[in-house]
Asker: 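Pasting a structure here, questions to come.
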Amino acid sequence: MAATDIARQVGEGCRTVPLAGHVGFDSLPDQLVNQSISQGFCFNILCVGETGLGKSTLMDTLFNTKFEGEPATHTQPGVQLRSNTYDLQESNVGLKLTIVSTVGFGDQINKEDSYKPIVEFIDAQFEAYLQEELKIRRVLHTYHDSRIHACLYFIAPTGHSLKSLDLVTMKKLDSKVNIIPIIAKSDAISKSELTKFKIKITSELVSNGVQIYQFPTDDELVAEINGTMNAHLPFAVIGSTEELKIGNKMMKARQYPWGTVQVENEAHCDFVKLREMLIRVNMEDLREQTHSRHYELYRRCKLEEMGFKDTDPDSKPFSLQETYEAKRNEFLGELQKKEEEMRQMFVQRVKEKEAELKEAEKELHEKFDRLKKLHQDEKKKLEDKKKSLDDEVNAFKQRKTAAELLQSQGSQAGGSQTLKRDKEKKKSKVVHLSMPGAPLAPPASVLTAAANRVHVLLLKAATWS
């Protein structure tokens with residue numbers, strides 16, 4: 001028998017029986033209170049608004065303390081979310097308070113995407129909680145819940161109407177967080193202008209379909225006060241950490257040349273109303289709305305994206321195991337399909353690479369053949385040149401040898417002729433000396449010069465031959 005059938009039968013067969021005496025389960029509320037006090041509470045506030053609207057000052061005023069934080073400048077290149085967590089203690093109740101501020105919101109020239117970092121931050125907190133829920137071993141009782149419980153949207157006190165940036169941002173956030181619009185630094189405009197400004201803001205929110213947080217009226221204990229406070233939205237607030245002496249009391253106020261504005265005076269601003277609704281009356285409802293409405297919407301959309309449903313096409317209960325098996329098989333099928341596509345792509349790329357390598361190899365072979373042929377031609381030219389040079393060297397050696405031979409022969413002929421001339425000279429001299437009146441013979445230097453010229457002519461004749 002299915003578990004749902006058993007539960008249905010138990011519900012149908014339930015009977016009311018009287019007790020004969022005191023049992024003790026009437027102490028369950030006290031047990032829950034004690035357990036909650038021992039575990040403590042957490043509350044997360046998101047402050048959205050332009051730089052300089054007094055977001056940090058209002059937080060300090062709301063919780064009557066001084067939170068650490070550096071003032072933001074107007075030179076931020078984009079919107080950044082800065083989160084700080086504090087442990088507060090009041091009586092015996094502990095509160096882990098997280099304040100998230102939007103640094104640089106509205107400071108850029110192009111404000112089209114200013115809301116995106118805020119939406120991404122809220123979704124990231126939902127995703128972290130969902131991942132913790134889906135774990136096999138969950139520790140939700142000790143898990144620090146970082147989901148945003150309340151969004152205080154600070155509106156500049158222009159006195160005219162909402163800016164387009166405010167409308168777009170609140171429209172993107174109304175399905176993800178509890179939005180409480182407040183008019184910051186409301187002492188900058190007069191009371192009549194403030195009343196008209198509130199009416200204008202409310203009408204613009206309604207006409208643009210922006211859903212802000214409405215204080216619950218289903219509980220009789222708070223229905224009257226919450227109904228009254230819903231009519232005062234958006235709250236016009238003033239923040240100040242400076243205390244001034246007014247009468248006999250020290251009160252938080254702002255001193256101006258024209259007078260003093262008291263923060264906790266309901267005739268001056270709605271700060272007390274905001275504190276009552278946000279902290280003292282509806283803090284638990286804000287936490288519950290975050291979990292049961294906004295987080296459940298995100299969880300349902302996320303699980304539907306993953307393929308999980310409550311019922312099948314036949315409107316029968318859908319088994320989680322069957323869904324898991326179906327998604328697993330679908331995933332394995334897609335994985336195999338992708339694996340086959342990757343294999344085919346790999347084979348195709350290998351073929352293309354092989355074709356490229358073959359083409360490159362062919363080009364290299366052709367280049368090698370060209371270089372080899374060029375090398376052979378150059379080698380042949382060098383060998384021919386070497387052969388011609390060797391022939392010239394051999395011819396030169398032969399001519400040199402012939403010249404040397406002629407020179408030696410000429411020197412020998414010249415030597416014999418010189419001896420012969422010397423003898424003839426001596427002979428002629430004797431004859432001349434013996435013959436009176438005979439002419440004198442030519443001098444020896446003239447003969448030597450003539451012999452040398454003959455020798456040179458012989459050498460040239462041998463060279464020409």
Side-chain angles (χ1 to χ4, degrees), residues 45-84 86 98-119 121 148 150-170 172-173 177 179-191 193-194 197-198 200-201 204 233-244 252-263 268-271 274-275 278:
I45 300 178
L46 172 64
C47 298
V48 182
E50 298 177 0
T51 306
L53 289 180
K55 299 186 290 296
S56 301
T57 303
L58 183 62
M59 289 297 101
D60 294 344
T61 311
L62 270 176
F63 293 94
N64 198 22
T65 186
K66 179 65 177 176
F67 296 115
E68 299 177 358
E70 299 179 357
T73 62
H74 293 272
T75 58
Q76 297 293 332
V79 180
Q80 300 177 358
L81 279 83
R82 186 181 298 167
S83 177
N84 295 297
Y86 309 93
T98 300
I99 299 176
V100 183
S101 59
T102 55
V103 180
F105 181 80
D107 291 338
Q108 294 76 34
I109 296 177
N110 184 7
K111 305 177 179 63
E112 183 179 358
D113 298 332
S114 296
Y115 67 90
K116 288 185 178 180
I118 306 173
V119 174
F121 179 84
I148 300 299
C151 171
L152 298 181
Y153 197 95
F154 289 70
I155 301 171
T158 60
H160 301 291
S161 61
L162 286 173
K163 299 179 181 179
S164 58
L165 174 63
D166 298 330
L167 286 172
V168 171
T169 304
M170 282 193 279
K172 296 292 182 180
L173 297 180
V177 70
I179 299 177
I180 302 177
I182 58 177
I183 302 172
K185 296 185 177 181
S186 60
D187 53 344
I189 53 179
S190 64
K191 276 196 172 184
E193 290 176 341
L194 185 60
F197 192 35
K198 282 188 175 184
K200 182 69 174 176
I201 291 173
E204 287 185 349
L233 288 172
F235 293 131
V237 298
I238 302 168
S240 176
T241 56
E242 181 182 359
E243 292 189 352
L244 300 176
K252 287 184 172 61
R254 300 186 72 89
Q255 184 70 46
Y256 294 101
W258 45 263
T260 303
V261 177
Q262 301 176 22
V263 174
H268 292 180
C269 68
D270 297 333
F271 173 80
L274 174 64
R275 184 176 62 188
L278 180 67

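The figures that follow rest on heavy atoms only: side chains count, while hydrogens, waters and symmetry mates do not.
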Asker: Can you find a side-chain donor-acceptor pair between Asp107 and Thr51 that sits under 3.5 Å?
Answerer: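 Checked: Asp107/Thr51 side chains pair up, N/O donor to acceptor below 3.5 Å.
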Asker: Can you name the nearest heavy-atom pair linking Thr260 to Ala253, along with the distance?
Answerer: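 Result for this residue pair: CG2-CB, 3.6 Å.
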Asker: Does this structure show an ion pair linking Lys116 with Asp113, if we count only N-O contacts that are shorter than 4.0 Å?
Answerer: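 Asp113 and Lys116: salt-bridged.
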Asker: Should the pair Tyr86 and Phe67 be assigned to parallel (<30°), tilted (30 to 60°) or perpendicular (>60°) ring geometry?
Answerer: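 Judged by the thresholds at 30° and 60°, the geometry between Tyr86 and Phe67 is tilted.
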Asker: To the nearest 0.5 Å, how far apart are OG in Ser56 and CE in Met59?
Answerer: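 If we round to the nearest 0.5 Å, Ser56:OG and Met59:CE are 8.5 Å apart.
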Asker: Treating Arg82 as the side-chain partner and Ile99 as the backbone partner, does any N or O pair qualify as donor plus acceptor under 3.5 Å?
Answerer: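 No; judged by distance alone, with no hydrogens or angles, the pair does not exist.
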Asker: When you compare the side chain of Pro117 with that of Leu81, does any pair of heavy atoms fall below 4.5 Å?
Answerer: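 With C-beta onward as the side chain, the pair touches.
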Asker: Evaluate the side-chain proximity of Leu278 to Leu62: yes if any heavy-atom separation is below 4.5 Å, no if none is.
Answerer: yes
Asker: Is any side-chain heavy atom of Ile45 closer than 4.5 Å to a side-chain heavy atom of Val100?
Answerer: no
Asker: Search all heavy atoms of Ile238 against all heavy atoms of Leu58 and return the closest pair with its distance.
Answerer: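 In this case the closest contact between Ile238 and Leu58 is O-CD1, 4.4 Å.
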Asker: Go through it in stages, so that I can follow the logic: the residues are Val177 and Tyr153, the test is side chain to side chain contact (heavy atoms under 4.5 Å, CB included), and I'd like the CA-CA distance, side-chain angles, deciding distance and then a yes or no.
Answerer: CA-CA 11 Å; Val177 70; Tyr153 197 95; over 6 Å; no
Asker: Rounded to the nearest 0.5 Å, what separates atom CG in Leu173 from atom CD1 in Ile118?
Answerer: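 Atom-to-atom, Leu173:CG and Ile118:CD1 are 6.0 Å apart.
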Asker: Please report the interatomic distance OG(Ser186) to CG(Leu194), rounded to the nearest 0.5 Å.
Answerer: 6.0 Å
Asker: Side-chain contact test, heavy atoms from C-beta onward, threshold under 4.5 Å: evaluate it for Ile179 versus Val48 and give yes or no.
Answerer: no
Asker: Crowded around Lys111 NZ? As in, over 12 foreign heavy atoms under 6.0 Å?
Answerer: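 Yes, because the 6.0 Å sphere around NZ of Lys111 holds more than 12 heavy atoms from other groups.
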Asker: Any side-chain heavy-atom pair from Ser114 and Leu165 closer than 4.5 angstrom?
Answerer: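 Yes - at least one pair of side-chain heavy atoms lies under 4.5 Å apart.
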Asker: Please determine if Asp270 and Lys198 form a salt bridge, counting it only when a charged side-chain N lies under 4.0 Å from a carboxylate O.
Answerer: yes
Asker: Which pair of heavy atoms, one from Val79 and one from Phe105, lies closest together, and at what distance?
Answerer: CG2-CA, 4.0 Å
Asker: How long is the gap from OG1 on Thr241 to CG on Asp60, to the nearest 0.5 Å?
Answerer: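 Result: 6.5 Å between the selected atoms.
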Asker: Considering non-hydrogen atoms only, spot the tightest contact between Val263 and Ser240 and give its length.
Answerer: CG2-CB, 3.7 Å
Asker: So, Lys185 side chain and Gly52 main chain: donor-acceptor pair closer than 3.5 Å or not?
Answerer: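 At least one qualifying donor-acceptor pair exists.
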Asker: Which atoms form the tightest heavy-atom contact between Ala184 and Phe154, and what is the distance?
Answerer: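 Closest heavy-atom pair between Ala184 and Phe154: CB-CD2, 3.7 Å.
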Asker: How far apart are the closest heavy atoms of Lys55 and Thr102, and which atoms are they?
Answerer: CE-O, 4.2 Å
Asker: Hey, does Cys269 have a side-chain heavy atom less than 4.5 Å from the side chain of Asp187?
Answerer: no
Asker: Decide yes or no for Val168 and Tyr115: does some side-chain heavy atom of the first lie under 4.5 Å from some side-chain heavy atom of the second?
Answerer: yes
Asker: Nearest 0.5 angstrom please: Ile155 CD1 to Leu53 CG, how far?
Answerer: 10.0 Å
Asker: Once rounded to the nearest 0.5 Å, what's the spacing between atom CG of Leu46 and atom CD1 of Ile148?
Answerer: 5.0 Å
Asker: Is the backbone N or O of Gln262 less than 3.5 Å from a side-chain atom of His268, with the two atoms forming a donor-acceptor pair by type?
Answerer: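 Between the backbone of Gln262 and the side chain of His268 there is a qualifying donor-acceptor contact (under 3.5 Å).
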